[in-house]
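These numbers come from the heavy atoms of this one structure, side chains and all, not from hydrogens, waters or symmetry mates. One-based numbering along the sequence shown.
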Amino acid sequence: MEQLARQGTLLTRRTFLGVVGLVSLAGCSNASTVNGLKASERGAQNLLNSASFFIAHRGSGDNWTEHTMHAYREAVAHGASAVELSVQRTADGHFVCHHDSSLERLCGKDVLIENLTLAELAEYRNDARLWLGPYTPSEPIPQLSQVLEELAGKAILFIEDKTGKNTVELIQALKDSPVGEESVVWKMEATGASHRAAAEANYLTWGYFAPQNFDQIEKLAGEFDAIGIHDSADELVIDRAVSTGKPVIVWEVHTRSQMQSLRAQGVAGMMCSNFPYVTGTPVELADSHDTFASGRRAAGDLPDVLTWKSQPQFLPEQGALRLAGRRKASYVLGSMASLRQGGWVLEAQIRWPTIGDERQIAGLSFGTPNDTPYRAFEKSQRSGFHLQLESTGEASIWQARDNGQKALGRRGQLTFVANQWIPLRITATDTRLNVDVAGQGTLSAEISGPIAAGYLNLLTLHPAGMAVDFKEIRLQQLGA
């Protein structure tokens, strides 16, 4: 994802295409008024022809438990005109929606779906609490037939037979469903062969390329109506894909900065895991708060590494969030982003559950213009500010610049106690940043002009593995 979030792209052919995409409609229009086109060209074809479009990946798995009826319904309710479905087949021949062949990741049981009957599968529930938060309810694994009934006429469906063993049977199931040919895109690995049968059945096809087969993009692209590229691809790979002339869809798109960078490179399709957030803009509220007490991750809030094991620990009874990974980390609060220029006040509380002999450093960042994770003291971080606290009793304000990070002010002789909350209050005016640290003193720094609060990040900087808690994050706009 970092590779896709680069800034400052030159006005190349890719940039021009991206600018065109930015001013185009994000969805697809109803093509029923287009004459002389086959059924398969009226819905899905119109989507693929769009300069910019979005697909809810797994039903938008950053927001709702992936591949569940609840996720699919919510994605459509939030405006998704296309939804991606992964399909498995049970031992007694029923199709269900589930990404993994095994139930281990989502259901806690290392058993293959193809070895279970539908009745046996019904005993399991999808559990995404590790990714979405402890108050996320478990959800049943839906039958494909029920999903097709639910989504018929509401969305274009990108459908994949995940095992690749059921091409004929899945095509027949689609033919027997209320979903028309014009509303289906057959999704598959580009190195497979099932697209030929799908095309013969009058379905459009999308072949996707993972890193291990990027070298075959030019060779295989012509066999599909659209191609997919994994989000780990660098700019050269994206450029090669766009140069094929086929509509390009990148998966998985989690952030606005990632989407903007891809658009600038000429990518039309965004397969979004974070659909309502990526397709939206910052909601400028006069007074916004974190949602940690809900026990559910808010849309736009993400760890800097997008794996389930990197998700912070929610402490909903305390209205808090804990960063305790084995590395330096940041957590983006995209849900609270504000790009409004002018004065504002940011309040937060931080604590270290334990304080050891080694100096511990934590803090929060602000003033960054996009949701790329804030990387304190790294060369890639060229904008924004952060406030850091050191367990030894120091607070400091830093500004990230092209030539590195600069300390704008320090305050020492502070007292921080293990397991005690440290209240912080940052006030930004047109010319200054003022910080009150736990009522023990103030820290002040001059700035060159008004700044927006931007995208906030919670930070744990040193040492790796020492927990730090955050709560009561509040952003107030002055004069709003």
Discussion item. Please check this pair: side chain of Ser60 against backbone of Ala56, looking for a donor-acceptor N/O pair closer than 3.5 Å.
Written reply: no
Discussion item. Can you tell whether the side chains of Lys162 and Asp100 come within less than 4.0 Å, N to carboxylate O?
Written reply: no
Worksheet item: Does Asn457 reach the main-chain N or O of Pro373 with its side chain, forming a donor-acceptor pair under 3.5 Å?
Response: no
Discussion item. Once salt bridge (charged side-chain N to carboxylate O under 4.0 Å, His left out) is applied, what residue pairs with a partner in residues 355-366 remain, sequence neighbours excluded?
Written reply: Arg359-Glu390
Discussion item. Contact between Ser338 and Pro282 at the side-chain level, heavy atoms closer than 4.5 Å - yes or no?
Written reply: no
Worksheet item: Going by the salt bridge (charged side-chain N to carboxylate O under 4.0 Å, His left out) test, which pairs reach into residues 462-478, not counting sequence neighbours?
Response: Asp287-Arg474, Arg322-Asp469, Arg351-Asp469
Fill in: Side-chain heavy atoms of Tyr455 within contact of Leu339, under 4.5 Å
yes
Worksheet item: Side chains of Leu262 and Ile238: closer than 4.5 Å at any heavy-atom pair?
Response: yes
Item to complete: Please confirm whether the backbone N or O of Gln216 pairs with a side-chain atom of Asn213, one donor and one acceptor, at under 3.5 Å?
Response: no
Item to complete: If a pair satisfies salt bridge (charged side-chain N to carboxylate O under 4.0 Å, His left out) and one of its residues is in residues 66-84, list it, with sequence neighbours excluded.
Response: Arg58-Glu66, Glu66-Arg105, Arg73-Glu150, Glu84-Lys187
Discussion item. Assess, by modelled atom type and distance only, whether the side chains of His230 and Ser232 contain a donor and an acceptor separated by less than 3.5 Å.
Written reply: yes
Discussion item. I'd like to know if the side chain of Trp421 reaches the main chain of Gln349, judged simply by a donor and an acceptor atom lying under 3.5 Å from each other, with no hydrogens or angles considered.
Written reply: no
Worksheet item: Is a side-chain N or O of Asp301 found less than 3.5 angstrom from the main chain of Ser335, in a donor-acceptor match?
Response: yes
Worksheet item: Is Cys97 close to Met69 at the side-chain level, that is, under 4.5 Å between some pair of heavy atoms?
Response: no
Worksheet item: Considering only heavy atoms from C-beta outward, does the side chain of Met259 approach that of Ser257 to under 4.5 Å?
Response: no
Worksheet item: Is any side-chain heavy atom of Phe158 less than 4.5 Å from a side-chain heavy atom of Val83?
Response: no
Worksheet entry | With sequence neighbours excluded, residues passing ring-ring contact (aromatic ring centres under 6.0 Å, His included) with His78 | Trp64
Practice prompt. Under the side chain to side chain donor-acceptor pair (under 3.5 Å) rule, collect the residues that match up with Asp290, sequence neighbours excluded.
Written response: none
Worksheet item: Considering only heavy atoms from C-beta outward, does the side chain of Thr372 approach that of Thr255 to under 4.5 Å?
Response: no
Discussion item. Holding to side chain to side chain donor-acceptor pair (under 3.5 Å), I want the full list of residues that pass it with Tyr277, two or more places apart in sequence or in another chain.
Written reply: Asp371
Discussion item. To check you understand the geometry: which heavy-atom pair defines the closest contact between Ala348 and Leu364, and what is its length?
Written reply: CB-CD1, 4.2 Å
Worksheet item: How would you list, by chain and number, every residue that makes a side chain to side chain donor-acceptor pair (under 3.5 Å) with Glu218, sequence neighbours excluded?
Response: Arg240
Worksheet item: Taking it one step at a time, do Leu443 and Asn434 satisfy side-chain contact (heavy atoms from CB on, under 4.5 Å)?
Response: CA-CA 6 Å; Leu443 175 63; Asn434 295 299; over 6 Å; no
Fill in: Heavy-atom pair of closest approach, residues Ile156 and Ala44
CD1-N, 3.7 Å
Worksheet, complete the sentence: OG (Ser444) and CG (Leu408) are apart, to the nearest 0.5 Å, by 10.0 Å
Worksheet entry | salt bridge (charged side-chain N to carboxylate O under 4.0 Å, His left out): pairs with one or both residues in residues 445-463, sequence neighbours excluded | Arg432-Glu446
Worksheet entry | Heavy-atom side-chain contact between Ser52 and Arg263 under 4.5 Å | yes
Fill in: Partners meeting side chain to side chain donor-acceptor pair (under 3.5 Å) with Gln476 (sequence neighbours left out)
none
Item to complete: Could you verify whether a donor N or O on one side chain and an acceptor N or O on the other, from Thr65 and Thr68, lie under 3.5 Å apart?
Response: no
Per-pair distances, 0.1 Å, donor-acceptor, side chain in residues 126-135, under 3.5 Å, sequence neighbours excluded:
residue: Asp127; atom: OD1; partner: Arg129; partner atom: N; Å: 3.1
residue: Asp127; atom: OD1; partner: Arg129; partner atom: NE; Å: 3.0
residue: Asp127; atom: OD2; partner: Arg129; partner atom: NE; Å: 3.2
residue: Asp127; atom: OD2; partner: Arg129; partner atom: NH2; Å: 2.8
residue: Trp131; atom: NE1; partner: Gly61; partner atom: O; Å: 3.4
residue: Trp131; atom: NE1; partner: Asp62; partner atom: OD1; Å: 3.3
residue: Tyr135; atom: OH; partner: Glu317; partner atom: OE2; Å: 3.4

Worksheet entry | Over 12 foreign heavy atoms within 6.0 Å of CD, Gln212 | yes
Practice prompt. Mind jotting down which residue pairs meet the ring pair (Phe, Tyr, Trp, His ring centres under 6.0 Å) criterion with at least one end in residues 362-383? Sequence neighbours excluded, please.
Written response: Trp344-Phe366, Phe366-Phe385, Tyr374-His386, Phe377-His386, Phe377-Trp398
Worksheet, complete the sentence: The side chain to side chain contact (heavy atoms under 4.5 Å, CB included) partners of Thr354 (sequence neighbours excluded) come to Met466
